[in-house]
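Only one structure is covered here, and it is reproduced in the block below.
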Amino acid sequence: MRPIIYLMALNEALQQEMERDPTVFVTGEDVGQHPPMGVTLGMLQKFGPQRVVDTPISESAILGLAVGAAAAGLRPVVEIMFLDFLFVAFDQVINQMAKMRYMFGGKAKLPIVVRCPCGGGYQMAAQHSQSLEAMLCHIPGLKVVMPATPYNAKGLLTAAIRDDNPVFCLEHKKCYTMAGDVPQEQYELPLGIAEVKRPGSDVTIVATSYMVHEALKAAEELAGRGIEAEVIDPRTLLPLDMDTILKSVRKTHRVVVVHEAVKFCGFGAEIAAQVAEAAFDALEAPPLRVAAPFCPVPFSAPLEEAYLPNAQNIVEAVSSVTPAKA
Amino acid sequence: MDIPREKLIEMYERMVTIRQFEEGAAGLMRDGRIKGFIHLYAGEEAVAVGACFTLGKDDYIASTHRGHGHLIAKGGDPKNMYAELFGGRDGYCHGKGGSMHIADLDLGILGANGIVGAGPPIAVGAAFAAQYKGERGVSLCFFGDGATNQGTIHEAMNMAAVLKLPVVFICENNLYGEYTRQDRHQTVKDIAERAKAYAMPGVTVDGMDVLAVHETVGEAVERARRGEGPSLVECKTYRYFDHQGVGDGVADRSAEEIEEWRAKDAIVRFRRHLIQTEALTEAEAEDIDRRVAARIEKAIAFAEASPPPTEDELLTDVYA
Ligand SMILES: Cc1ncc(C[n+]2csc(CCOP(=O)(O)OP(=O)(O)O)c2C)c(N)n1
Ligand SMILES: [Mg+2]
């Protein structure tokens with residue numbers, strides 16, 4: 001183990017898997033000569049233009065290429081420069097990639113990974129800041145992971161590449177330069193297993209992606225007020241590890257779900273609903289959601305700050321359902 | 001084409017305004033006074049001004065991520081544009097859009113755009129509306145060489161052609177899509193050739209020559225107004241800054257190439273032409289430059305003083 005930053009953890013996962021498996025290749029706009037977020041840095045030099053493929057600005061054709069190449073036996077790892085651009089090519093995702101295996105009676109296998117930077121906080125405005133994971137989670141036939149730490153990034157991406165089905169890896173821009181301990185050797189974190197980031201007895205906070213870090217900050221502050229929060233990062237949104245969440249809620253009797261995406265029809269609604277269905281008897285307060293208001297991401301700094309959920313919002317939500325012990 | 005002297009001078013002034021606006025924006029970015037993504041237009045002024053000066057107030061343009069030049073050329077006020085870059089409430093979008101989303105429907109500006117290739121179909125729609133209402137308006141859309149690899153642009157061209165809509169497609173071929181040189185992202189050299197696929201006129205023009213752009217686009221606009229359908233005009237041009245941000249452009253291109261294009265600078269060239277043809281004296285040209293500089297300075301001061309929108313405006317214009 002040594003500390004490396006998140007984007008280098010992703011880079012390492014890609015490189016090691018490419019060394020191990022000659023059918024893995026990466027493609028996307030500028031991934032070779034000028035990696036936009038730096039994740040594919042140095043890979044063109046190492047693996048050459050056949051395996052690190054710069055493309056024209058053609059998201060539909062890029063994703064179509066991945067679908068076709070995967071159907072024909074390769075393991076594409078696609079980078080879509082910003083998650084927002086995925087929607088230029090949604091047919092290839094929703095009607096093609098997600099459907100083929102089922103619709104063809106199990107005859108197709110599509111081992112594809114699509115990596116997309118997501119999230120706000122840099123005044124990149126409405127078309128470069130979105131968190132749209134819930135839309136992907138609404139589609140049977142896709143898997144969705146949202147690593148929040150370098151360790152999870154490497155392990156989840158490795159597992160995603162080895163998975164025989166399409167996996168979206170959504171990477172929050174704020175996570176890219178965060179450092180954390182990561183083993184040098186390859187390892188897989190199986191999809192569908194949540195991580196308890198911090199044990200606690202009074203309330204369960206389920207947070208995704210960058211919000212995991214805000215939730216941990218909030219938990220520190222709550223601890224100062226005598227409230228012990230258990231913080232859970234599902235890591236994989238689809239498949240979702242509800243067992244870990246339900247076990248926690250049965251212990252704490254309260255749950256607050258946190259994500260950066262808008263609240264309405266967000267992923268938090270799914271977790272809250274499943275908790276209500278499966279553990280209604282255990283709840284001592286209504287499940288709450290901390291999420292963005294229902295509007296596009298604004299440009300102006302003070303508005304964007306007001307838009308993005310933060311630790312303070314989490315503390316307030318938790319406080320409203322958890323009696324202070326002091 | 002005979003252009004009256006006043007209009008020539010106005011074109012010169014507008015090109016200088018764009019250049020100085022962009023240099024001003026670069027300075028603000030360097031000083032950390034504005035943030036976010038910024039794609040500067042410096043170097044390409046002849047395209048925006050040559051093209052937009054063929055239009056009237058009722059004509060539409062659809063712009064791109066590199067939109068400041070188009071907006072100023074179509075009549076955008078630097079004050080409100082800077083205010084948008086600051087995220088101020090006096091900005092064209094009240095601070096909610098930023099550089100990539102400046103729009104003003106009253107000026108016929110359908111918006112800059114953060115999505116490469118999204119503008120042309122929207123321009124087709126505005127042209128459809130003009131035709132539908134029996135008006136003479138035309139729609140002009142700008143897009144880069146890189147953008148021509150998006151399906152949307154081909155769909156838009158075909159639709160405009162088959163519906164005979166008054167659209168002029170203007171490709172700003174600055175030789176790079178982000179950091180990828182044109183010969184690495186497409187196999188055609190002259191993008192105007194793609195017009196053949198839609199049986200419409202396609203012309204390649206020197207995008208560093210404002211008069212050439214004006215004349216070629218002018219013909220396409222007139223054709224569109226006569227109801228004869230769309231055209232494609234490719235302007236060969238060059239950006240001076242990095243693709244994004246305020247770097248000097250060497251991140252992806254050689255210093256020699258940049259020098260070579262800077263030697264063809266459209267503003268220097270037009271100014272020389274105006275002086276040679278006695279449309280302008282050296283002193284008058286300097287006067288214009290100074291006047292523009294003063295306007296830009298005032299615009300920045302205005303913009304920086306513009307307060308940001310307040311939190312209670314977060315949900316304004318949310319309608320469901
Ligand atoms: C759909 C989509 N894909 C990718 C991008 C990222 N991007 C922004 S500008 C750009 C390059 C555009 O190149 P070109 O069309 O030649 O315009 P230029 O920047 O050279 O003016 C890219 C890839 C985007 N904004 N939208
Ligand atoms: Mg270009």
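Here is how names work: the chains are called A, B, and so on, in the same order as the sequence lines, proteins then strands, and each is numbered from 1.
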Return the CZ to NE2 distance between B:Phe37 and A:His128, rounded to the nearest 0.5 Å. 5.5 Å

Side chain, backbone, both or neither: which part of A:Glu304 has a heavy atom under 4.5 Å from chain B? neither

Tell me whether A:Met43 at atom CE has more than 12 heavy atoms from other residues, nucleotides or ligands lying less than 6.0 Å away. yes

Any side-chain heavy atom of B:Leu314 within less than 4.5 Å of one from A:Pro293? yes

Counting heavy-atom pairs under 4.5 Å with chain A, the top scorer among B:Glu311, B:Glu84, B:Gln150, B:Lys96 is B:Gln150

Residue B:Asn113 versus chain A: region with a heavy atom under 4.5 Å: both

If you count every heavy atom of other residues, nucleotides or ligands that lies below 6.0 Å from A:Lys46 atom NZ, does the total exceed 12? yes

Tell me the closest heavy-atom pair linking A:Gln127 and B:Ile115, and the distance in Å. OE1-N, 3.4 Å

Given the options B:Gly177, B:Pro309, B:Ala320, which has more heavy-atom pairs under 4.5 Å with chain A than any of the others? B:Pro309

Hey, is CG on B:Asp31 packed in by over 12 heavy atoms from elsewhere, all under 6.0 Å? yes

From B:Thr310 OG1 over to A:Leu303 CG, what is the distance, rounded to the nearest 0.5 angstrom? 7.5 Å

Does CD belonging to A:Glu305 count more than 12 external heavy atoms closer than 6.0 Å? no

Give, for atom OG1 of B:Thr180 and atom NE2 of A:His34, the distance between the pair rounded to the nearest 0.5 Å. 9.5 Å

Options B:Gly151, B:Cys93, B:Gly98, B:Pro308, ranked by heavy-atom pairs under 4.5 Å with chain A, top entry: B:Gly98

Does any backbone or side-chain atom of A:Tyr122 lie under 4.5 Å from a heavy atom of chain B? Answer side chain, backbone, both or neither. backbone

B:Leu85 versus chain A, heavy atoms under 4.5 Å apart: side chain, backbone, both or neither? backbone

Rounded to the nearest 0.5 Å, how far apart are CD of B:Glu178 and CG of A:Asp54? 10.5 Å

Do the two ring centres, one from B:His101 and one from A:Phe299, sit under 6.0 Å apart? no

Just wondering, more than 12 heavy atoms not from A:Gln50 lying within 6.0 Å of its CD? no

Assert top hit (heavy-atom pairs under 4.5 Å, partner chain A, pool B:Lys35, B:His94, B:Arg89) equals B:Lys35

Chain B heavy atoms under 4.5 Å from A:Ser60: which part of the residue, side chain, backbone, both or neither? neither

What is the distance from atom CG of B:Leu315 to atom SG of A:Cys295, rounded to the nearest 0.5 Å? 5.0 Å

So for A:Phe87, is it side chain, backbone, both, or neither that comes closer than 4.5 Å to the heavy atoms of chain B? neither

